[in-house]
Amino acid sequence: MTLALSAEHEHQLRQASHGSIVALTGAGISAESKVPTFRGADGLWRRYRAEDLATPYAFAADPLTVWEWYDWRRGIIAAALPNAGHHCLRRLELAVGDQFQLITQNVDGLHQRAGTERVLELHGNIWRTRCTGEHHRVELMEQLPELPPCCECGALLRPDIVWFGESLDPGLLDRAFAAATGAALFLVIGTSAVVTPAADLPRLALAQGAFIAEINPEPTILTPIVHLSLRATAGEALPELVDIILDACTQ
Ligand code: OAD
(Lines give C-alpha, C1' and ligand atoms only; values in the text may rest on other atoms or scores of the structure.)
Protein backbone atom coordinates (compact mmCIF):
# COMPACT_ATOMS: atom_id res chain seq x y z
CA MET A 1 0.00 0.00 0.00
CA THR A 2 1.03 3.63 -0.27
CA LEU A 3 0.96 5.46 3.02
CA ALA A 4 0.59 8.86 1.33
CA LEU A 5 2.08 10.73 4.29
CA SER A 6 1.88 14.51 4.24
CA ALA A 7 5.23 16.22 3.73
CA GLU A 8 5.11 17.45 7.32
CA HIS A 9 4.40 14.00 8.75
CA GLU A 10 7.18 12.45 6.70
CA HIS A 11 9.60 15.15 7.83
CA GLN A 12 8.70 14.62 11.49
CA LEU A 13 8.91 10.84 11.13
CA ARG A 14 12.35 11.10 9.51
CA GLN A 15 13.62 13.48 12.18
CA ALA A 16 12.41 11.17 14.98
CA SER A 17 13.97 8.12 13.29
CA HIS A 18 17.44 9.35 14.30
CA GLY A 19 16.71 8.76 17.99
CA SER A 20 15.47 5.84 20.07
CA ILE A 21 12.61 3.91 18.53
CA VAL A 22 10.01 2.11 20.63
CA ALA A 23 7.20 -0.07 19.30
CA LEU A 24 4.28 -1.02 21.53
CA THR A 25 2.30 -3.88 20.07
CA GLY A 26 -1.03 -5.43 20.94
CA ALA A 27 -3.18 -8.28 19.73
CA GLY A 28 -3.78 -6.56 16.36
CA ILE A 29 -0.24 -7.26 15.15
CA SER A 30 -0.98 -10.99 15.35
CA ALA A 31 -4.41 -10.69 13.70
CA GLU A 32 -2.89 -11.29 10.25
CA SER A 33 -1.41 -14.51 11.67
CA LYS A 34 -5.02 -15.52 12.44
CA VAL A 35 -4.61 -15.18 16.20
CA PRO A 36 -7.84 -13.60 17.50
CA THR A 37 -7.72 -10.19 19.16
CA PHE A 38 -9.56 -9.39 22.41
CA ARG A 39 -11.71 -6.42 21.44
CA GLY A 40 -11.58 -6.37 17.62
CA ALA A 41 -14.39 -7.69 15.40
CA ASP A 42 -13.27 -11.29 16.11
CA GLY A 43 -12.38 -10.40 19.70
CA LEU A 44 -12.19 -13.06 22.41
CA TRP A 45 -13.80 -10.71 24.92
CA ARG A 46 -16.86 -10.52 22.65
CA ARG A 47 -17.35 -14.28 23.02
CA TYR A 48 -15.96 -15.02 26.48
CA ARG A 49 -16.13 -13.27 29.82
CA ALA A 50 -12.70 -12.18 31.06
CA GLU A 51 -13.98 -12.57 34.63
CA ASP A 52 -14.48 -16.31 33.99
CA LEU A 53 -11.12 -16.97 32.34
CA ALA A 54 -8.50 -14.35 33.06
CA THR A 55 -8.59 -13.57 36.77
CA PRO A 56 -7.00 -15.27 39.78
CA TYR A 57 -10.53 -15.81 41.16
CA ALA A 58 -11.65 -17.66 38.03
CA PHE A 59 -8.58 -19.90 38.26
CA ALA A 60 -9.15 -20.63 41.94
CA ALA A 61 -12.80 -21.50 41.25
CA ASP A 62 -12.29 -23.63 38.13
CA PRO A 63 -8.69 -24.29 37.07
CA LEU A 64 -9.69 -26.92 34.50
CA THR A 65 -11.95 -24.55 32.55
CA VAL A 66 -9.30 -21.84 32.60
CA TRP A 67 -6.60 -24.27 31.44
CA GLU A 68 -8.85 -25.68 28.68
CA TRP A 69 -9.30 -22.17 27.33
CA TYR A 70 -5.56 -21.44 27.43
CA ASP A 71 -4.82 -24.83 25.87
CA TRP A 72 -7.22 -24.00 23.02
CA ARG A 73 -5.43 -20.67 22.51
CA ARG A 74 -2.05 -22.44 22.63
CA GLY A 75 -3.26 -24.63 19.76
CA ILE A 76 -4.21 -21.60 17.63
CA ILE A 77 -0.88 -19.89 18.34
CA ALA A 78 1.16 -23.04 17.68
CA ALA A 79 -0.41 -23.24 14.22
CA ALA A 80 0.25 -19.54 13.50
CA LEU A 81 3.29 -18.02 11.82
CA PRO A 82 4.76 -14.54 12.30
CA ASN A 83 3.40 -12.18 9.64
CA ALA A 84 4.81 -9.23 7.69
CA GLY A 85 4.27 -6.91 10.68
CA HIS A 86 6.37 -9.07 13.02
CA HIS A 87 9.07 -9.45 10.35
CA CYS A 88 9.23 -5.68 9.71
CA LEU A 89 9.88 -4.99 13.39
CA ARG A 90 12.70 -7.53 13.33
CA ARG A 91 14.11 -5.75 10.26
CA LEU A 92 14.04 -2.50 12.22
CA GLU A 93 15.80 -4.11 15.18
CA LEU A 94 18.49 -5.59 12.95
CA ALA A 95 19.16 -2.19 11.42
CA VAL A 96 19.19 0.03 14.51
CA GLY A 97 20.18 -2.46 17.24
CA ASP A 98 19.96 -1.12 20.76
CA GLN A 99 18.27 2.05 19.55
CA PHE A 100 15.17 -0.14 19.27
CA GLN A 101 12.91 -1.53 21.98
CA LEU A 102 9.83 -3.64 21.40
CA ILE A 103 7.21 -3.69 24.15
CA THR A 104 4.38 -6.12 23.65
CA GLN A 105 1.14 -6.87 25.44
CA ASN A 106 0.96 -10.14 23.52
CA VAL A 107 1.61 -13.49 25.12
CA ASP A 108 1.92 -15.42 21.85
CA GLY A 109 5.70 -15.26 21.38
CA LEU A 110 5.34 -14.42 17.66
CA HIS A 111 7.78 -11.50 17.85
CA GLN A 112 10.47 -13.84 19.15
CA ARG A 113 9.58 -16.39 16.48
CA ALA A 114 10.21 -13.63 13.91
CA GLY A 115 13.67 -13.28 15.47
CA THR A 116 13.19 -10.13 17.55
CA GLU A 117 15.40 -10.18 20.63
CA ARG A 118 14.72 -6.87 22.38
CA VAL A 119 11.18 -7.76 23.50
CA LEU A 120 9.56 -6.81 26.81
CA GLU A 121 6.53 -9.05 27.31
CA LEU A 122 4.41 -7.01 29.69
CA HIS A 123 1.63 -9.57 30.07
CA GLY A 124 3.67 -12.77 30.20
CA ASN A 125 3.94 -15.66 27.78
CA ILE A 126 1.40 -18.36 27.06
CA TRP A 127 4.12 -21.02 26.65
CA ARG A 128 5.36 -20.60 30.19
CA THR A 129 3.81 -21.98 33.38
CA ARG A 130 4.19 -20.72 36.93
CA CYS A 131 3.82 -22.79 40.09
CA THR A 132 1.01 -21.55 42.33
CA GLY A 133 2.92 -22.95 45.33
CA GLU A 134 6.48 -21.89 44.59
CA HIS A 135 5.59 -18.58 42.91
CA HIS A 136 9.09 -17.94 41.60
CA ARG A 137 9.12 -21.21 39.67
CA VAL A 138 8.51 -20.33 36.01
CA GLU A 139 9.09 -22.89 33.28
CA LEU A 140 8.80 -23.07 29.53
CA MET A 141 6.28 -25.87 29.02
CA GLU A 142 5.18 -26.29 25.44
CA GLN A 143 3.63 -29.71 26.07
CA LEU A 144 1.25 -29.99 29.02
CA PRO A 145 1.29 -33.38 30.74
CA GLU A 146 -2.36 -33.12 31.78
CA LEU A 147 -5.08 -30.55 32.36
CA PRO A 148 -4.85 -28.86 34.75
CA PRO A 149 -1.08 -29.41 34.96
CA CYS A 150 0.63 -29.82 38.33
CA CYS A 151 4.10 -28.92 39.50
CA GLU A 152 6.38 -31.65 40.84
CA CYS A 153 5.83 -30.03 44.27
CA GLY A 154 2.15 -31.01 43.97
CA ALA A 155 0.69 -27.50 43.57
CA LEU A 156 -1.23 -26.47 40.46
CA LEU A 157 0.63 -24.79 37.62
CA ARG A 158 -0.97 -21.70 36.07
CA PRO A 159 -0.23 -19.89 32.80
CA ASP A 160 2.57 -17.34 33.32
CA ILE A 161 0.24 -14.56 32.22
CA VAL A 162 -0.81 -11.39 34.01
CA TRP A 163 -4.51 -11.65 34.75
CA PHE A 164 -6.96 -8.86 35.46
CA GLY A 165 -6.47 -7.65 39.01
CA GLU A 166 -2.77 -8.65 39.06
CA SER A 167 0.31 -6.45 38.92
CA LEU A 168 2.85 -6.46 36.13
CA ASP A 169 6.45 -7.43 36.82
CA PRO A 170 7.89 -4.20 38.29
CA GLY A 171 11.32 -4.71 36.69
CA LEU A 172 9.81 -5.11 33.23
CA LEU A 173 7.55 -2.16 33.78
CA ASP A 174 10.50 0.03 34.82
CA ARG A 175 12.32 -0.89 31.63
CA ALA A 176 9.22 -0.16 29.55
CA PHE A 177 8.72 3.23 31.19
CA ALA A 178 12.40 4.07 30.75
CA ALA A 179 12.20 3.17 27.05
CA ALA A 180 9.06 5.29 26.59
CA THR A 181 10.66 8.22 28.39
CA GLY A 182 13.70 8.12 26.10
CA ALA A 183 11.87 7.48 22.83
CA ALA A 184 12.15 9.88 19.92
CA LEU A 185 9.80 7.76 17.80
CA PHE A 186 7.03 5.69 19.40
CA LEU A 187 4.99 3.30 17.24
CA VAL A 188 1.67 2.05 18.62
CA ILE A 189 0.63 -0.99 16.63
CA GLY A 190 -2.54 -3.06 16.89
CA THR A 191 -3.70 -2.14 20.35
CA SER A 192 -7.00 -0.68 21.52
CA ALA A 193 -4.89 1.08 24.19
CA VAL A 194 -7.51 0.60 26.90
CA VAL A 195 -5.50 -1.60 29.26
CA THR A 196 -3.16 0.21 31.62
CA PRO A 197 -0.32 0.48 32.44
CA ALA A 198 0.63 -0.46 28.84
CA ALA A 199 -1.66 2.25 27.49
CA ASP A 200 0.13 4.85 29.62
CA LEU A 201 3.39 4.31 27.70
CA PRO A 202 2.49 6.21 24.51
CA ARG A 203 1.02 9.02 26.61
CA LEU A 204 4.26 9.26 28.57
CA ALA A 205 6.33 9.25 25.38
CA LEU A 206 4.11 11.97 23.95
CA ALA A 207 4.56 14.10 27.06
CA GLN A 208 8.35 13.65 26.71
CA GLY A 209 8.27 14.96 23.14
CA ALA A 210 8.32 11.73 21.08
CA PHE A 211 6.68 11.54 17.67
CA ILE A 212 3.82 9.05 18.03
CA ALA A 213 2.56 7.03 15.07
CA GLU A 214 -0.36 4.64 15.43
CA ILE A 215 -1.16 1.76 13.08
CA ASN A 216 -4.66 0.39 13.43
CA PRO A 217 -7.47 -0.25 10.94
CA GLU A 218 -9.86 1.28 13.51
CA PRO A 219 -9.62 4.54 15.42
CA THR A 220 -8.70 4.14 19.09
CA ILE A 221 -8.82 6.20 22.24
CA LEU A 222 -5.29 7.38 21.35
CA THR A 223 -6.14 8.50 17.81
CA PRO A 224 -7.06 12.09 18.76
CA ILE A 225 -3.74 12.66 20.56
CA VAL A 226 -1.15 10.92 18.35
CA HIS A 227 0.77 12.79 15.65
CA LEU A 228 0.06 10.28 12.90
CA SER A 229 -2.69 7.66 12.79
CA LEU A 230 -2.54 5.20 9.90
CA ARG A 231 -5.84 3.42 9.14
CA ALA A 232 -4.24 0.21 7.96
CA THR A 233 -3.27 -3.22 9.17
CA ALA A 234 0.21 -3.78 10.55
CA GLY A 235 1.10 -5.97 7.57
CA GLU A 236 -0.02 -3.26 5.15
CA ALA A 237 1.57 -0.23 6.80
CA LEU A 238 4.76 -1.46 8.44
CA PRO A 239 6.77 -2.43 5.33
CA GLU A 240 6.62 1.12 3.96
CA LEU A 241 6.85 2.81 7.34
CA VAL A 242 9.98 0.83 8.23
CA ASP A 243 11.46 1.63 4.79
CA ILE A 244 11.06 5.35 5.51
CA ILE A 245 12.52 5.01 9.02
CA LEU A 246 15.54 3.06 7.78
CA ASP A 247 16.07 5.42 4.86
CA ALA A 248 16.06 8.34 7.32
CA CYS A 249 18.50 6.56 9.68
CA THR A 250 21.06 6.08 6.94
CA GLN A 251 20.93 9.69 5.68
P1 OAD B 1 -7.38 -5.52 21.71
O2 OAD B 1 -8.09 -6.72 21.20
O3 OAD B 1 -8.01 -4.72 22.79
O4 OAD B 1 -7.09 -4.52 20.51
C5 OAD B 1 -6.61 -5.00 19.28
C6 OAD B 1 -6.54 -3.83 18.33
O7 OAD B 1 -5.94 -4.30 17.14
C8 OAD B 1 -7.89 -3.24 17.96
O9 OAD B 1 -7.84 -1.82 18.15
C10 OAD B 1 -8.04 -3.57 16.48
O11 OAD B 1 -8.70 -2.55 15.74
C12 OAD B 1 -6.60 -3.69 16.05
N13 OAD B 1 -6.33 -4.55 14.88
C14 OAD B 1 -7.08 -5.57 14.40
N15 OAD B 1 -6.48 -6.13 13.34
C16 OAD B 1 -5.33 -5.45 13.13
C17 OAD B 1 -4.26 -5.54 12.19
N18 OAD B 1 -4.25 -6.49 11.24
N19 OAD B 1 -3.23 -4.66 12.29
C20 OAD B 1 -3.23 -3.71 13.26
N21 OAD B 1 -4.21 -3.57 14.17
C22 OAD B 1 -5.24 -4.43 14.11
O23 OAD B 1 -5.91 -6.01 22.12
P24 OAD B 1 -4.85 -5.33 23.09
O25 OAD B 1 -4.92 -3.85 22.98
O26 OAD B 1 -3.58 -6.01 22.85
O27 OAD B 1 -4.40 -8.95 28.31
O28 OAD B 1 -5.42 -5.76 24.51
C29 OAD B 1 -4.70 -5.44 25.65
C30 OAD B 1 -4.81 -6.58 26.65
O31 OAD B 1 -6.18 -6.87 26.91
C32 OAD B 1 -4.23 -7.90 26.16
O33 OAD B 1 -2.84 -7.99 26.36
C34 OAD B 1 -4.95 -8.91 26.99
C35 OAD B 1 -6.34 -8.31 26.99
O36 OAD B 1 -7.12 -8.61 28.10
C37 OAD B 1 -3.82 -10.09 28.75
O38 OAD B 1 -3.74 -11.10 28.09
C39 OAD B 1 -3.27 -10.01 30.12
Side-chain angles (χ1 to χ4, degrees), residues 1 3 23-59 66-67 69-70 72-74 76-77 80-89 102-111 114 119-128 130 158-169 172-173 176 187-203 213-224 226 228-242:
M1 82 179 276
L3 294 182
L24 171 69
T25 63
I29 196 162
S30 297
E32 285 157 287
S33 298
K34 301 208 164 25
V35 178
T37 67
F38 294 94
R39 298 173 189 80
D42 63 338
L44 294 171
W45 296 152
R46 291 174 186 262
R47 283 190 284 156
Y48 301 97
R49 280 161 42 95
E51 304 88 299
D52 296 340
L53 297 163
T55 68
Y57 315 104
F59 187 73
V66 170
W67 261 117
W69 189 69
Y70 279 98
W72 167 70
R73 286 183 55 203
R74 281 169 156 242
I76 293 173
I77 293 164
L81 292 172
N83 65 54
H86 299 104
H87 291 303
C88 282
L89 293 177
L102 179 54
I103 305 170
T104 189
Q105 298 166 86
N106 298 347
V107 298
D108 58 28
L110 287 176
H111 285 300
V119 185
L120 299 178
E121 290 181 307
L122 292 184
H123 293 163
N125 186 296
I126 201 165
W127 300 111
R128 293 195 306 257
R130 180 145 47 93
R158 57 166 281 179
D160 187 27
I161 286 179
V162 181
W163 283 328
F164 288 101
E166 296 183 321
S167 302
L168 277 63
D169 178 311
L172 273 180
L173 204 53
L187 308 175
V188 192
I189 306 161
T191 176
S192 57
V194 295
V195 174
T196 56
D200 294 331
L201 295 166
R203 292 186 174 86
E214 173 184 63
I215 299 175
N216 198 310
E218 305 292 332
T220 73
I221 195 167
L222 288 181
T223 302
V226 299
L228 173 65
S229 189
L230 297 168
R231 274 298 79 71
T233 71
E236 288 166 347
L238 273 171
E240 193 179 330
L241 196 72
V242 168

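For ligands, and for the atoms within them, numbers begin at 1 and follow the listed sequence. None of these values were measured; they are calculated from a predicted model. Positions are given from 1, in the same order as the sequence printed here.
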Tell me, which protein residue and heavy-atom name are nearest [atom], and how many Å apart are they?
| atom | result |
| --- | --- |
| atom 26 (O) of ligand 1 | Ala27 N, 2.8 Å |
| atom 31 (O) of ligand 1 | Arg39 NH1, 3.0 Å |
| atom 29 (C) of ligand 1 | Gln105 OE1, 3.3 Å |
| atom 30 (C) of ligand 1 | Val195 CG2, 3.8 Å |
| atom 36 (O) of ligand 1 | Trp45 NE1, 3.0 Å |
| atom 18 (N) of ligand 1 | Glu32 OE1, 3.1 Å |
| atom 39 (C) of ligand 1 | Val162 O, 2.8 Å |
| atom 17 (C) of ligand 1 | Gly28 O, 3.1 Å |

To the nearest 0.5 angstrom, please state how far the [atom1] atom of [X] sits from the [atom2] atom of [Y].
| X | Y | atom1 | atom2 | result |
| --- | --- | --- | --- | --- |
| Ile189 | Leu241 | CD1 | CG | 8.0 Å |
| Leu53 | Trp45 | CG | CH2 | 6.0 Å |
| Thr37 | Leu44 | OG1 | CG | 7.0 Å |
| Leu120 | Leu102 | CG | CG | 8.0 Å |

Measure the shortest side-chain to side-chain distance between [X] and [Y] over non-hydrogen atoms and say whether it is less than 4.5 angstrom.
| X | Y | value |
| --- | --- | --- |
| Val162 | Leu122 | no |
| Glu121 | Val107 | no |
| Leu187 | Ile215 | no |

Side chain Ser33, main chain Leu81, donor-acceptor under 3.5 Å: yes

Keeping the roles fixed (side chain from Arg46, backbone from Arg39), state whether a donor-acceptor pair exists under 3.5 Å. yes

Applying a strict 4.0 Å limit to heavy atoms, is Asn216 in contact with ligand 1? yes

Min heavy-atom dist Gly43 to ligand 1 below 4.0 Å: no

Give the atoms of ligand 1, by number and element, whose distance to some non-hydrogen atom of [X] is under 4.0 Å.
| X | value |
| --- | --- |
| Gly26 | 26 (O) |
| Glu218 | 11 (O) |
| Gly190 | 5 (C), 6 (C), 7 (O), 20 (C), 21 (N) |

Return yes or no for this condition: an N or O of [X] is under 3.5 Å from an N or O of ligand 1.
| X | result |
| --- | --- |
| Ala232 | no |
| Ile161 | no |
| Thr191 | yes |

Contacts of Tyr48 meeting ring pair (Phe, Tyr, Trp, His ring centres under 6.0 Å) (sequence neighbours excluded), chain-then-number -> Trp69, Trp72

For ligand 1, is any non-hydrogen atom under 4.0 Å from Phe164's backbone (N, CA, C, O), its side chain (CB onward), both, or neither? side chain

Among Asn83, Thr104, Asp108, whose side chain to side chain donor-acceptor pair (under 3.5 Å) with Ser30 holds? Asp108

Out of Glu166, His123, Glu236, whose heavy atom is nearest to atom 37 (C) of ligand 1? His123

